[in-house]
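In what follows, a structure is listed as structure tokens, so that the remarks can point back to it.
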Amino acid sequence: MVQDSFKPVVVWLILNGKTEEALSLLAKNYAVNVPRLKVGLPKGHKIKALGCYTAKHETIAVLNSDVLSNPFVVIHEFYHHLRSKAVDKMRRGTEKNADRFALSFLQEYQAAVKKAQNIT
Ligand SMILES: [Zn+2]
């Protein structure tokens, strides 16, 4: 795949409910295991969270099926998956970095949409 279209394609897949496909694409691109995906947050989790990542089970959990097609949440949690293998804790990344990572995908998606609109 052309590197240019990688991020927009990931966002598009998630928006269209093909979240599992998006996660395998992400995993392949970053050479990590494909994380498991689960609907429903673990017990005891803060109600207001939309998603969470459990490194022990390599699982991304989302609040409900609506959140499955929310690219920001899914990509944010994938960042935690990506960083969970880092040896030292400092390198594991922060919430801010996870947000920035997710945002870069959304921005490239929006830019790609704009470009496509200008062509037609
Ligand atoms: Zn987070």
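Every number for a ligand or one of its atoms is a count from 1 in the order of the listing.
Thr59 places no side-chain N or O within 3.5 Å of a backbone atom of Ala55 that could act as its donor or acceptor partner.
Here the Zn ion (ligand 1) has protein N, O or S atoms under 2.8 Å from it, and they come to 4.
His76 is linked by a ring-ring contact (aromatic ring centres under 6.0 Å, His included) to His80, counting only residues two or more places apart in sequence or in another chain.
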Less than 3.5 Å apart, which donor and acceptor atoms pair up between the side chains of residues 31-39 and the rest of the protein, not counting sequence neighbours?
residue : atom : partner : partner atom : Å
Asn33   : ND2  : Glu58   : OE1          : 3.3
Arg36   : NE   : His57   : O            : 3.3
Arg36   : NH2  : His57   : O            : 3.1

Only pairs under 3.5 Å count here: list side-chain donor-acceptor contacts from residues 60-74, not counting sequence neighbours, and write none if there are none.
residue : atom : partner : partner atom : Å
Asn64   : OD1  : Asp66   : N            : 3.0
Asn64   : OD1  : Val67   : N            : 3.1
Ser69   : OG   : Asp66   : O            : 3.1
Asn70   : OD1  : Phe72   : N            : 3.0
Asn70   : OD1  : Val73   : N            : 3.2

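No side-chain heavy atom of Tyr109 sits less than 4.5 Å from a side-chain heavy atom of Val9.
Between Tyr79 and Phe101, the ring planes lie tilted relative to each other; the angle falls in the 30° to 60° range.
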